[in-house]
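Numbering starts at 1 and runs along the sequence shown. Note: hydrogens, waters and symmetry copies are ignored here, and every other heavy atom, side chains too, is used.
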Amino acid sequence: MPSQAPGLTGLGVKGAALHQQATAELAVALLRPTVPEHEIHQHQHADMHLVLLLAGTYVSDAAGMPALCTEPAVILNPPGTEHRDRFRSHDGLFLTVTMPAAVLERLSNGRSVGDEPRRLPRRSLACALSLLPEVRRWEPASPLAIETIVTELVADALPRPLPKIGDKLQRVLDRLEADGLPVPTLEELASIADLHPVYLARAFRKRHGIAPSDYLRRLRLHRAVSLIVRRRPLSFVATELGFFDESHLHRCFVAEFGITPGAFRQLALSRAEVSHVQDARLRRR
């Protein structure tokens, strides 16, 4: 377990810290898992913590998570969470934010985020990724930036009333996130939801803030994040995920995350790791 960061709260998780910082109220760290899966037992966290998964195969009981998660995700663990979340191997990479329950109550303006761990919506990923440059390049304004980012993530965690057609929209999401299937038509999605296409389009945008097509584009970029952190060349990522070329990937990545794919790789991996990957490529030439 990494040493406790300065401030009021420790990290609350086990791993080797590549970078860690803290304000008076929040601890944030970029880590790699170090404890074998069989040594992770059921445990409880007194503080609240957010987990940003960047790479590796992760097992979690949080609502909204697949049985094995291999893509980026943001998980909220409220104070008192008891679980056995763990990585299947040591090739993982994750970022955590930890805070006492009293700080969470202040940031949420007294509203409850619930008692159960759960995955935050996909829109939260771009916000969570902006924690990376702050923890890597700590400067005087970073504590304010960290608190602002975390406040936005807490807002995403606050419960929102589900529309009456919530179950139908979930079926649409399941189809959009299914691997290996062709891009659906709006007519197909409407048939899955048993809704008129116009009504589906309006309901989907009202619920998720974007159109189904943009949801697919966002999903593709989230898969790009996973491949980049797994040290895949950007040319491979572009081809594998159906971008026209590396420039197309670059433009879309910047539009979604506000950072270039290359700069993100530098932030997500330690300099030593990036240098090792680059040296290995040179040796293969």
Side-chain angles (χ1 to χ4, degrees), residues 2 5 9-23 26-34 45 47-66 68-78 81 83 85-88 90-99 104 107 113 117-138 142 145-157 218-219 221-230 253 256-259 261 263-270 273:
T9 182
L11 297 177
V13 293
K14 294 182 178 180
L18 303 176
H19 301 275
Q20 63 183 54
Q21 299 290 346
T23 70
L26 306 169
V28 57
L30 181 65
L31 307 107
R32 285 205 177 278
T34 56
H45 296 272
D47 294 334
M48 189 222 74
H49 68 278
L50 287 160
V51 178
L52 167 60
L53 302 177
L54 291 167
T57 301
Y58 196 71
V59 180
S60 174
D61 293 328
M65 289 289 285
L68 293 176
C69 186
T70 58
E71 66 171 16
V74 184
I75 301 174
L76 167 79
N77 292 285
T81 292
H83 63 189
D85 286 14
R86 72 266 185 204
F87 279 94
R88 278 287 169 91
H90 287 176
D91 63 351
L93 183 68
F94 64 112
L95 184 146
T96 66
V97 179
T98 308
M99 72 182 78
L104 172 62
L107 294 183
V113 298
R118 66 185 184 279
R119 183 178 185 172
L120 295 188
R122 286 192 176 275
R123 65 174 179 272
S124 302
L125 182 60
C127 181
L129 283 174
S130 60
L131 291 165
L132 275 173
E134 299 301 337
V135 72
R136 284 288 303 269
R137 304 169 182 172
W138 197 256
S142 290
I146 293 288
E147 184 173 6
T148 301
I149 295 165
V150 173
T151 299
E152 291 184 48
L153 293 173
V154 169
D156 283 345
R218 179 175 285 176
L219 177 62
L221 284 167
H222 294 179
R223 288 170 175 161
V225 167
S226 181
L227 290 175
I228 290 170
V229 175
R230 287 158 57 193
F253 202 93
E256 174 70 9
F257 301 120
I259 187 173
F264 168 73
R265 180 172 55 192
Q266 293 281 350
L267 286 172
L269 302 175
S270 69
E273 288 178 291

For Ser226, the side-chain hydrogen bond (donor to acceptor under 3.5 Å, both in side chains) test, sequence neighbours excluded, returns none
Heavy-atom closest pair, residues Cys69 and Ala73: SG-CB, 4.2 Å
Could you check if a side-chain atom of Leu132 sits within less than 4.5 angstrom of a side-chain atom of Leu30, using non-hydrogen atoms only? yes
Let me confirm one number: the OG1-CG distance from Thr98 to Asp47, rounded to the nearest 0.5 Å. 7.0 Å
Would you call Arg223 and Leu219 a side-chain contact if the rule is heavy atoms closer than 4.5 Å? yes
State whether the side chain of Arg136 and the backbone N or O of Leu267 hold a donor-acceptor pair below 3.5 Å, judged by distance alone. yes
All heavy atoms of Leu125 vs all of Pro72, minimum pair found to be CD2-CB, 3.8 Å
Distance, nearest 0.5 Å, that separates CD of Glu256 from NE2 of His222: 5.0 Å
For Phe87, what residues pass the ring-ring contact (aromatic ring centres under 6.0 Å, His included) criterion, not counting sequence neighbours? Tyr58, Phe94
Looking at every heavy atom in both Val135 and Gln21, which two are closest together, and how far apart are they? O-CG, 3.9 Å
Is there a side-chain contact between Val113 and Leu76 (heavy atoms, below 4.5 Å)? yes
Would you please name every residue forming a salt bridge (Lys or Arg N to Asp or Glu O under 4.0 Å) with Arg88, sequence neighbours left out? Glu37
Rounding to 0.5 Å, atoms OG1 (Thr96) and CD (Gln20) come to a distance of 8.5 Å
Would a 4.5 Å heavy-atom cut-off, applied to side chains only, mark Leu31 and Leu18 as touching? no
On a heavy-atom basis, the closest approach of Pro33 and Gly92 is CD-O, 3.2 Å
Side chains of Arg218 and Leu221 in contact at under 4.5 Å (non-hydrogen atoms): no
With a 6.0 Å cut-off on ring centres, are Phe257 and Phe264 close enough? no
Asn77 and His49: side-chain donor and acceptor closer than 3.5 Å? yes
Pair Ser124-Asp156, side-chain donor/acceptor within less than 3.5 Å: yes
Applying side chain to side chain contact (heavy atoms under 4.5 Å, CB included) to Ala263 and not counting sequence neighbours gives Ile259, Thr260
Heavy-atom pair with the smallest gap, counting every atom of Leu153 and Leu120: O-CD1, 3.8 Å
Using 0.5 Å steps for rounding, measure from the CZ atom of Arg265 to the CD1 atom of Ile228. 7.5 Å
Any chance you could measure Leu95, atom CG, to Leu54, atom CG, to the nearest 0.5 Å? 7.0 Å
Among all residues two or more places apart in sequence or in another chain, which pass the salt bridge (Lys or Arg N to Asp or Glu O under 4.0 Å) test with Glu147? Arg106
One thing to verify: whether Arg119 and Glu71 come together as a salt bridge, which I'm taking to mean a side-chain N less than 4.0 angstrom from a carboxylate O. yes
Out of Val74, Val28, Val97, which one pairs with Leu52 under the side chain to side chain contact (heavy atoms under 4.5 Å, CB included) rule? Val74
For Thr148, which residues count as a side chain to side chain contact (heavy atoms under 4.5 Å, CB included) partner, sequence neighbours excluded? Leu144, Glu152
Any idea which heavy atoms bring Ala55 and Val229 closest together, and the distance? CB-CG1, 3.2 Å
Rounded to the nearest 0.5 Å, what separates atom CZ in Arg32 from atom CG in Leu93? 4.5 Å
